[in-house]
Amino acid sequence: MRRNKLYLFLTASLFLGGCQSKTTPTDVPETAIPVVTSQIRKINSNRDISISGNIEGSKTVRLGFMVAGKINFIAADEGQFVRKGQLLASLDPTNYGIAKEMADVQVNQVTDKFNRLKLMRDRNSLSESDFAKVNFGLQQAKAQQKLQAKNLSDTKLYAPIGGVMLKKLAEVGEITGVGTPLFVISDINTVNVNAFIPESELHNIKLGQSATVLVSSLNETFAGKVTEVGSAADASSRAFTVKIQLKNPKQLIRPGMIAEVKLASNQKAEMLALPAEAVLHDLDNQSYVFVVDSGQQKAFKRKVSVGQLINNQIEITSGLNANEVVVTGGQQKLSDGALISLTK
């Protein structure tokens with residue numbers, strides 16, 4: 001009897017196990033993602049020359065006092081604009097004012113003596129040599145008077161140009177020496193981009209040549225022109241200086257900003273190109289595309305290097321070969337090795 005019960009239990013267990021294996025769900029088949037594709041192709045275009053540079057004002061001056069003294073006034077802080085001829089700073093004029101008064105007294109004293117001796121000379125009561133001495137003394141006193149007047153005037157410092165205060169290297173109450181640079185002012189109504197160009201590209205650069213300048217910090221592009229081309233190469237880099245001038249009517253471009261300059265050359269170049277929307281960027285700003293494997297009907301992620309943008313076609317400098325097929329629509333939904341279906 002126990003043997004029959006055991007037999008029935010084993011039979012029921014096998015039956016239930018078989019039922020469960022039949023009801024286990026199978027793997028869900030991968031769904032193909034519809035995409036649009038395009039074949040990478042070669043195009044001919046003028047090759048642009050890309051260089052980076054620093055922006056500086058069209059005219060920059062460094063200012064200091066012609067006399068020493070204690071600063072008692074400064075008109076502007078860094079970043080503020082100043083007008084041409086505006087009083088920028090001044091020194092305590094007390095000592096120079098006293099020196100000027102003493103020079104005035106000396107001139108008056110010598111002038112009085114000169115007038116008295118002149119009457120004596122006119123009456124032949126004074127020799128010419130004695131009169132010449134007092135005449136020279138008067139000239140010397142007047143020269144000293146002019147010097148003290150100039151020193152007094154030099155206690156005030158005026159802006160020789162209009163522009164922005166780039167540097168303020170002193171504060172009110174400081175003692176400054178003669179000629180110590182205290183302020184830097186730059187005229188930024190027009191600005192210059194100073195850049196270096198390799199000697200191999202120098203023959204493509206001409207004075208007056210148009211340039212496109214991207215200022216990344218402003219996310220804005222400006223039109224400029226080449227105003228200077230260096231005549232001697234830098235000893236270490238073997239590169240030549242190039243200066244590109246930009247108009248800056250809104251004065252948004254400031255000295256010290258970084259600019260990306262593109263100069264068109266006359267040389268035609270063959271390049272691989274794709275529609276710009278085909279190129280994506282990862283978190284590290286690495287460019288990549290999805291390349292189609294027609295045999296497997298899958299798309300695989302591949303890193304690429306890109307160049308210039310020409311009429312919505314972006315240059316591929318490395319990572320792809322001619323005639324490869326790349327996803328240009330729907331690639332945002334893809335992952336590496338995803339199954340795809342082509343749409344018309």
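All heavy atoms count here, side chains included; hydrogens, waters and symmetry mates do not. Nothing here was measured: the structure is a model prediction, and the numbers come from that model.
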Is there a donor-acceptor pair under 3.5 Å between the side chain of Asn108 and the backbone N or O of Val110?
no

Hydrophobic cluster identity match, Ile51 and Leu207, side-chain contacts under 4.5 Å:
yes

Output a table of donor-acceptor pairs, distance under 3.5 Å, between side-chain atoms of residues 129-136 and any protein atom two or more places apart or on a different chain; print 'none' if there are none.
from   : atom 1 : to     : atom 2 : distance (Å)
Ser129 : OG     : Ser127 : OG     : 3.2
Asp130 : OD2    : Ser127 : OG     : 3.1

Assess whether side-chain contact (heavy atoms from CB on, under 4.5 Å) is satisfied between Ile197 and Ile49, documenting all intermediate values.
CA-CA 9 Å; Ile197 191 164; Ile49 302 170; 4.0 Å; yes

Rounded to the nearest 0.5 Å, how far does NZ of Lys100 lie from CD of Gln148?
9.0 Å

Looking only at heavy atoms, what is the nearest atom pair of Lys333 and Ile33, with distance?
O-CD1, 3.7 Å

Is any side-chain heavy atom of Leu91 closer than 4.5 Å to one of Thr176?
yes

Strictly distance-based, threshold 3.5 Å: is any side-chain N or O of Ser153 a donor or acceptor partner for the main-chain N or O of Ala149?
no

Chi angles and distances behind the side-chain contact (heavy atoms from CB on, under 4.5 Å) call for Met257, Leu218
CA-CA 9 Å; Met257 289 182 174; Leu218 300 178; 4.2 Å; yes

Does the pair Val229 and Leu202 meet the rule for a side-chain contact (heavy atoms from CB on, under 4.5 Å), with working shown?
CA-CA 9 Å; Val229 179; Leu202 186 64; 3.6 Å; yes

If you take all heavy atoms of Asp154 and Phe65, which pair is closest and at what distance?
O-CD2, 3.5 Å

Working to the nearest 0.5 angstrom, can you tell me the gap between Leu246 CG and Thr190 OG1?
9.0 Å

Considering only heavy atoms from C-beta outward, does the side chain of Val289 approach that of Leu280 to under 4.5 Å?
no

Going from NZ on Lys59 to CD1 on Ile188, what distance comes out if it is rounded to the nearest 0.5 angstrom?
14.5 Å

Within one Ile-Leu-Val-Met-Phe-Trp-Tyr cluster: Phe196 and Ile258, side-chain cutoff 4.5 Å:
no

Are Phe290 and Phe300 in one and the same hydrophobic cluster, where Ile, Leu, Val, Met, Phe, Trp and Tyr link if side-chain heavy atoms are under 4.5 Å apart?
no

Rounded at 0.5 Å granularity, tell me how far CD in Gln313 sits from OG in Ser38.
7.5 Å

Give me the atom names and distance for the closest heavy-atom approach of Asn151 to Tyr96.
CB-CD2, 3.6 Å

Does one hydrophobic cluster hold both Leu169 and Ile161, with members joined at side-chain heavy-atom distances below 4.5 Å?
no

Whether the side chain of Asp284 engages the backbone of Gln286 through a donor-acceptor N/O pair (distance < 3.5 Å, no angle test) should be reported.
no

Would Lys303 and Tyr288 count as a cation-pi pair here, with the cationic atom under 6.0 angstrom from the ring centre and within 45° of the axis?
no

Here the gap from Gln86 atom CD to Lys84 atom NZ, rounded to the nearest 0.5 Å, amounts to 13.5 Å

Of the non-hydrogen atoms in Pro93 and Thr155, which two are nearest, and what is the gap between them?
CB-OG1, 4.0 Å

Working to the nearest 0.5 Å, report the span between CD1 of Ile340 and CG of Leu334.
7.0 Å

Which ring-ring contact (aromatic ring centres under 6.0 Å, His included) pairs, counting each pair once, include a residue from residues 146-166, with sequence neighbours left out?
none

Can you sort out the partners of Phe183 under ring-ring contact (aromatic ring centres under 6.0 Å, His included), two or more places apart, ordered by chain and number?
none

Could you tell me if the side chain of Leu342 sits less than 4.5 Å from the side chain of Val35, heavy atoms only?
yes

Might you point out which heavy atoms bring Pro160 and Leu63 nearest each other, and give the distance in Å?
CD-CD1, 3.6 Å

Contact between Phe222 and Val215 at the side-chain level, heavy atoms closer than 4.5 Å - yes or no?
yes

Under the side-chain contact (heavy atoms from CB on, under 4.5 Å) criterion, do Asn204 and Leu263 qualify, and how do the steps go?
CA-CA 9 Å; Asn204 291 316; Leu263 297 160; over 6 Å; no

Solution key, residues 69-79 side-chain donor-acceptor pairs under 3.5 Å, sequence neighbours excluded:
from  : atom 1 : to     : atom 2 : distance (Å)
Asn72 : OD1    : Ser90  : OG     : 2.6
Asp77 : OD1    : Lys168 : NZ     : 2.8
Glu78 : OE2    : Lys168 : N      : 3.1

Lys206 side chain vs His203 backbone, donor-acceptor pair below 3.5 Å:
yes

For Ser287 and His281, the nearest pair of non-hydrogen atoms, with its separation, is OG-CE1, 3.0 Å

For the side chain of Asp92 and the backbone of Thr94, is there at least one donor-acceptor N/O pair under 3.5 Å apart?
yes

Can you confirm whether the side chains of Asp293 and Gln296 place a donor and an acceptor under 3.5 Å from each other?
yes

Does a side-chain heavy-atom distance below 4.5 Å link Asp104 with Gln145?
yes

Counting C-beta onward and ignoring hydrogens, is there a side-chain heavy-atom pair between Leu339 and Thr31 closer than 4.5 Å?
no

Under the side chain to side chain donor-acceptor pair (under 3.5 Å) definition, can you give me all pairs with a residue in residues 216-227, not counting sequence neighbours?
none

Same cluster or not: are Ile98 and Leu147 linked, directly or through other Ile, Leu, Val, Met, Phe, Trp or Tyr residues, by side-chain heavy atoms under 4.5 angstrom apart?
no

Using only atom types and a distance under 3.5 Å, with no angle test, would you say the side chain of Asn248 pairs donor to acceptor with the backbone of Asn189?
no

Step through the shown structure and confirm whether more than 12 heavy atoms of other residues, nucleotides or ligands are within 6.0 Å of CD on Gln251.
yes

Side chains of Lys113 and Arg116: does their closest heavy-atom pair fall under 4.5 Å?
yes

Is any side-chain heavy atom of Ile185 less than 4.5 Å from a side-chain heavy atom of Thr60?
no

List the atom pairs, with distances to 0.1 Å, where a side-chain N or O of residues 314-332 and a protein N or O form a donor-acceptor pair under 3.5 Å, not counting sequence neighbours.
from   : atom 1 : to     : atom 2 : distance (Å)
Glu315 : OE1    : Gln308 : N      : 3.3
Thr317 : OG1    : Ser305 : O      : 3.1
Ser318 : OG     : Ser305 : OG     : 3.0
Glu324 : OE1    : Arg302 : NH1    : 2.9
Glu324 : OE1    : Asn321 : N      : 2.8
Glu324 : OE2    : Arg302 : NH1    : 3.1
Glu324 : OE2    : Arg302 : NH2    : 3.2
Thr328 : OG1    : Val36  : O      : 3.4
Gln331 : OE1    : Gly329 : N      : 3.1
Gln331 : NE2    : Glu277 : O      : 2.5

